[in-house]
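Letters A, B, ... are given to chains in the order of the sequence lines, protein chains preceding strands, and every chain is numbered from 1. Because the structure is a prediction, the values reported are computed rather than measured.
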2 protein chains.
Amino acid sequence: MKTNKLCIMRLSKYKSALYRLKSLGFVRIFSDNLADAVEVTSSQVRKDFSIFDISGNKRGGYKIDELIEKINTILGKDELQKVVIIGVGKLGSALMHYTGFEKEGIKIVAAFDIDALKFKHKDKTPVLPLAELPEFVRKNNIKIGIITVPATAAQQVVEIMLPAGIKGVLNFAPIQLRGNDDCQINNVNLEVELENLIYFVNVLIKTKGK
Amino acid sequence: MKTNKLCIMRLSKYKSALYRLKSLGFVRIFSDNLADAVEVTSSQVRKDFSIFDISGNKRGGYKIDELIEKINTILGKDELQKVVIIGVGKLGSALMHYTGFEKEGIKIVAAFDIDALKFKHKDKTPVLPLAELPEFVRKNNIKIGIITVPATAAQQVVEIMLPAGIKGVLNFAPIQLRGNDDCQINNVNLEVELENLIYFVNVLIKTKGK
DNA sequence: TTACTTTTGTGATATTATTCACAATATATA
DNA sequence: TATATATTGTGAATAATATCACAAAAGTAA
Ligand SMILES: NC(=O)c1ccc[n+]([C@@H]2O[C@H](COP(=O)([O-])OP(=O)(O)OC[C@H]3O[C@@H](n4cnc5c(N)ncnc54)[C@H](O)[C@@H]3O)[C@@H](O)[C@H]2O)c1
Ligand SMILES: NC(=O)c1ccc[n+]([C@@H]2O[C@H](COP(=O)([O-])OP(=O)(O)OC[C@H]3O[C@@H](n4cnc5c(N)ncnc54)[C@H](O)[C@@H]3O)[C@@H](O)[C@H]2O)c1
């Protein structure tokens, strides 16, 4: 089964579009509609589905509920995903208090910091000393961590997370982190995102003549 | 000149690596070193440079300062980029008070909201009523906006930004926004990023046998 | 039932991105 | 100076990804 990152990202987007379409009263959907919603071609949608043996009905399209179910299974969303955050600063606390992840079955169960002023042992989502991370992660069988510490601290945080058993990291520090074969590290680099946008806006302005 | 999004993103990453290498005392650099820093192949690095007619010295590599300069020119970073934020909630204010963008020549000059409690007319980076956005954007010749409003409000915010002259949008609301030919909309969808990570972690765990 | 229409599912094809591989050449060395 | 060596720059080859295009199936209508 050939899969790639972009294809998996599209599956997420299809799902999100499906929830929206469902809430609008749709029960069945065609590859065309989904394509419009996610801004890809309809053959892209069908090809993606075909990779995962998702099939619909010729002429009848796809049943939204079944489709959501199937995509969730593929994405591994059968059970609640527990996630920890390391670094409870501006960005870390925004993410920590964001409720939008829960509807996707993602729950932030704890956060960690080295600044004693941030500790909140008794909160619903506690903020704990970084030193307690390994034990917490092992006890609660956590696989995923979000890094929102300064760039200078990020690699050293990874070195603590790996032996603790973390298998996936979403890193917001603007630095390329090194994992190992047992751990997938994805980076969200907002500086890079903004620079990219600026480049294409400049191209746009130039080609359109202001 | 053929360019694509990934290539531009790599340029940003090269630049960021170059700053780091420079601060470590390096003056010249080889495609190999950059490749390591950004985790791509050295031929990828050279190919990217070749697309933009960036050339080094056979056997002598590239001079870091010149390289940074050239990349900045390509990325359109000759002058300070002024950016506005719409939606001063948890995420919006984290971004607004983040100082890391300034070292990249990106300055958040104002933010907008509809909640009167958020307004800060006198702050260094003011928070203004959304209604004032068109005038502010025109007067200050702003081209880039960051959207951090709830998904339900995001499209309507775009409709206000487009006629005001915004040419590039970085959208954090988990919804596919529609722009037009005059405006580039890039999405940062953290739900999708997390789901993607979860997928690949599951694959990893399965293939490695726990 | 039959004819007609719509939409899927997927090989074949086209496009795009990456890597290979090596001639050209700048630098270092003796 | 000549020789050896490392590194670039880039076409050609390969790999990855997306689109095309159409037969097959399923629904609709008469
Ligand atoms: N704030 C933003 O909007 C934004 C935007 C883009 C990127 N980032 C990146 O995200 C990261 C966090 O940014 P921020 O603005 O929230 O920073 P911040 O300074 O507000 O917060 C950083 C937090 O990390 C904690 N910390 C420091 N070292 C630690 C360690 N070794 N272990 C655990 N915790 C540690 C600090 O105590 C602090 O609470 C940075 O790498 C930044 O570059 C932030
Ligand atoms: N907080 C996070 O960590 C996080 C993570 C992922 C995605 N997001 C997305 O980012 C967006 C913002 O999230 P948040 O947690 O900061 O939300 P929030 O509720 O804390 O803030 C939203 C802000 O937008 C303002 N607003 C609402 N409608 C507006 C309008 N029409 N014009 C201008 N301002 C308006 C509100 O007054 C509020 O200040 C949401 O779309 C959310 O889904 C947030």
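- The distance between atom CZ of B:F30 and atom P of C:dT25, rounded to the nearest whole Å, is 19 Å.
- Atoms NZ (B:K47) and C1' (C:dC22) sit 13 Å apart, rounded to a whole Å.
- Atom NZ of A:K22 has 12 or fewer neighbouring heavy atoms from other residues, nucleotides or ligands inside a 6.0 Å radius.
- Closest to the B:R46 side chain, of the nucleotides C:dT18, C:dT10, D:dT8, is D:dT8.
- If you take CD1 of B:I8 and P of C:dA17, they are 11 Å apart, rounded to a whole angstrom.
- Checked by distance alone, A:K58 brings no side-chain donor or acceptor within 3.5 Å of a matching partner on the base of C:dT7.
- Listed pair B:Y62 / C:dA26 fails the phosphate criterion, with no side-chain N or O lying under 4.0 Å from OP1 or OP2.
- Side-chain N/O atoms of B:N4 include none lying less than 4.0 angstrom from OP1 or OP2 on C:dT16.
- A:N180 places a side-chain N or O within 3.5 Å of a backbone atom of A:C183 that can act as its donor or acceptor partner.
- Put simply, CD on A:Q44 is 14 Å from C1' on C:dA14, counting in whole angstrom units.
- In this structure, B:K5 places its NZ atom 16 Å from C1' of C:dT16, rounding to the nearest Å.
- Within the 4.0 Å cut-off from OP1 or OP2 of D:dT8, at least one side-chain nitrogen or oxygen of B:S31 is found.
- Atoms CG (A:L6) and C1' (C:dT15) sit 15 Å apart, rounded to a whole Å.
- Listed for the B:N171 side chain is a donor-acceptor partner under 3.5 Å among the backbone atoms of B:I175.
- Side-chain to base pairing of A:R59 with C:dT5: one donor and one acceptor N or O lie within less than 3.5 Å of each other.
- Between B:G60 and A:D48, the residue whose closest nucleotide on DNA chain D is further toward the 5' end is B:G60.
- Using a distance-only test at 3.5 Å, with no hydrogens or angles considered, a donor-acceptor pair links the side chain of A:Q155 to the main chain of A:R178.
- Regarding A:I51, its CD1 atom lies at a distance of 16 Å from the C1' atom of C:dT8, rounded to whole Å.
- Both B:S43 and B:R28 lie close to DNA chain C; mapped to their nearest nucleotides by heavy-atom distance, the more 5′-ward contact belongs to B:S43.
- Considering only side-chain N and O atoms, B:N57 lies nowhere under 4.0 angstrom from the phosphate OP1 or OP2 of C:dT25.
- Within the 4.0 angstrom heavy-atom criterion, only backbone atoms of the sugar-phosphate kind lie near B:T41; the bases stay farther away.
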Side chain to side chain donor-acceptor pair (under 3.5 Å), that's the test. Do B:N141 and B:K143 meet it? Break it down for me. CA-CA 6 Å; B:N141 194 35; B:K143 295 282 168 259; 3.0 Å; yes
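- Between A:L67 atom CG and C:dT7 atom P the separation is 16 Å, expressed in whole Å.
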